[in-house]
Amino acid sequence: MIPRAALSKTLRHFSSSARACVHISHIGKTPIPIPPNVTITQSQTSLEVKGPLGSTSVPLESYMKLAYPQENVLTIAVEDAEVKKQRSMWGLTRTLINNAVVGMTEGFTVPIYLVGVGYRAALEDDPRGTTNGGNGQRLNMKLGHSHNVYVPIPAHIKANVPSPTKITLFCTDKHLLGLFAARIRKWRPPEPYKGKGIFIGDEQIRIKSVKKK
């Protein structure tokens with residue numbers, strides 16, 4: 001009789017299911033629609049996107065492959081999807097190009113809400129003007145501090161205050177828009193006990209119960 005340990009070494013195990021060895025980026029393989037009013041110019045290291053709202057460029061790696069299977073449709077591929085860096089940059093590059101196309105045609109808008117008793121915001125002229133790279137305006141916010149908070153608006157951002165507790169920001173660059181919105185939120189992040197603070201978009205927090213002695 002063959003021992004169980006030796007039997008397991010002599011037997012070969014087979015599987016009828018095929019192993020998938022091809023890695024594909026589900027985000028990177030999605031085609032990008034190009035509107036007729038957008039012009040794309042490709043170079044060896046970047047991709048320039050021009051539209052009604054301006055122009056911008058997206059860096060390209062040497063292994064990125066761009067193709068136009070249809071008119072006004074752009075697809076992205078890489079040389080070797082098995083390489084981890086190429087696979088990660090595949091989806092990132094596709095997202096950056098799509099954001100550039102949307103930014104140059106429609107732009108990005110994000111609302112900011114001030115939640116709290118006495119929280120107010122107003123848009124006013126900046127006494128310093130455009131000396132520090134701003135657009136000549138600033139936000140004057142009351143956030144429960146002993147003083148008002150003044151935030152200069154950069155030149156690439158357009159701000160609007162439709163109501164005392166709502167701020168609307170517009171920019172053609174989604175990354176820069178998010179950085180400025182986070183800069184405003186940093187003055188009063190939402191707290192989990194009373195739900196007060198500065199909220200970006202549809203941001204929600206989980207309210208915690210107060211510990212009673």
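For Trp90 (side chain) and Ile76 (main-chain N/O), a donor-acceptor pair under 3.5 Å exists by modelled atom type.
Heavy-atom minimum distance, Lys166 versus Pro162: O-CD, 3.4 Å. The heavy-atom pair separating Leu74 from Ala67 by the smallest distance is CD1-O, 3.4 Å. The minimum heavy-atom distance between Ala121 and Ile167, with the atom names listed, is CB-CD1, 3.8 Å.
Under the 4.5 Å side-chain heavy-atom criterion for ILVMFWY residues, a single connected hydrophobic cluster contains both Leu92 and Ile24.
Once rounded to the nearest 0.5 Å, the distance linking CE of Met64 with CD of Gln86 reads 7.5 Å. Going from atom CH2 of Trp187 over to atom CD1 of Ile198 covers 10.0 Å, rounded to the nearest 0.5 Å.
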For residues 129-155, which side-chain donor-acceptor pairs fall under 3.5 Å, sequence neighbours excluded?
{"residue": "Thr131", "atom": "OG1", "partner": "Arg128", "partner atom": "O", "Å": "2.9"}
{"residue": "Asn135", "atom": "OD1", "partner": "Gln137", "partner atom": "N", "Å": "3.1"}
{"residue": "Asn135", "atom": "ND2", "partner": "Ile157", "partner atom": "O", "Å": "3.2"}
{"residue": "Arg138", "atom": "NE", "partner": "Glu124", "partner atom": "OE2", "Å": "2.7"}
{"residue": "Arg138", "atom": "NH2", "partner": "Glu124", "partner atom": "OE2", "Å": "2.9"}
{"residue": "Asn140", "atom": "OD1", "partner": "Asn148", "partner atom": "ND2", "Å": "3.2"}

Ignoring hydrogens and angles, write down the donor-acceptor pairs under 3.5 Å from the side chains of residues 97-114, residues two or more places apart or on other chains.
{"residue": "Asn99", "atom": "ND2", "partner": "Thr95", "partner atom": "O", "Å": "3.3"}
{"residue": "Thr105", "atom": "OG1", "partner": "Val101", "partner atom": "O", "Å": "2.8"}
{"residue": "Thr105", "atom": "OG1", "partner": "Val102", "partner atom": "O", "Å": "3.2"}

Donor-acceptor contacts under 3.5 Å from residues 168-181 side chains, at least two apart:
{"residue": "Asp173", "atom": "OD1", "partner": "His175", "partner atom": "N", "Å": "2.9"}
{"residue": "Asp173", "atom": "OD1", "partner": "Leu176", "partner atom": "N", "Å": "3.3"}

Donor-acceptor pairs under 3.5 Å, side chain of residues 26-46 to any protein atom, not counting sequence neighbours: which ones?
{"residue": "Thr30", "atom": "OG1", "partner": "His26", "partner atom": "O", "Å": "2.9"}
{"residue": "Ser43", "atom": "OG", "partner": "Ser46", "partner atom": "N", "Å": "3.2"}
{"residue": "Ser43", "atom": "OG", "partner": "Ser46", "partner atom": "O", "Å": "3.0"}
{"residue": "Ser43", "atom": "OG", "partner": "Ser46", "partner atom": "OG", "Å": "3.0"}

Would you mind writing out the side-chain donor-acceptor pairs for residues 53-63 within the sub-3.5 Å range, not counting sequence neighbours?
none

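A salt bridge (Lys or Arg N to Asp or Glu O under 4.0 Å) check over residues 66-76, counting only residues at least two apart or in different chains, returns nothing. Evaluation of the salt bridge (Lys or Arg N to Asp or Glu O under 4.0 Å) test over residues 193-208, restricted to residues two or more places apart or in two chains, returns Arg185-Glu203.
In terms of the salt bridge (charged side-chain N to carboxylate O under 4.0 Å, His left out) criterion, Arg183 has no residue partners (sequence neighbours excluded).
Ile207 places none of its side-chain heavy atoms less than 4.5 Å from the side chain of Tyr193.
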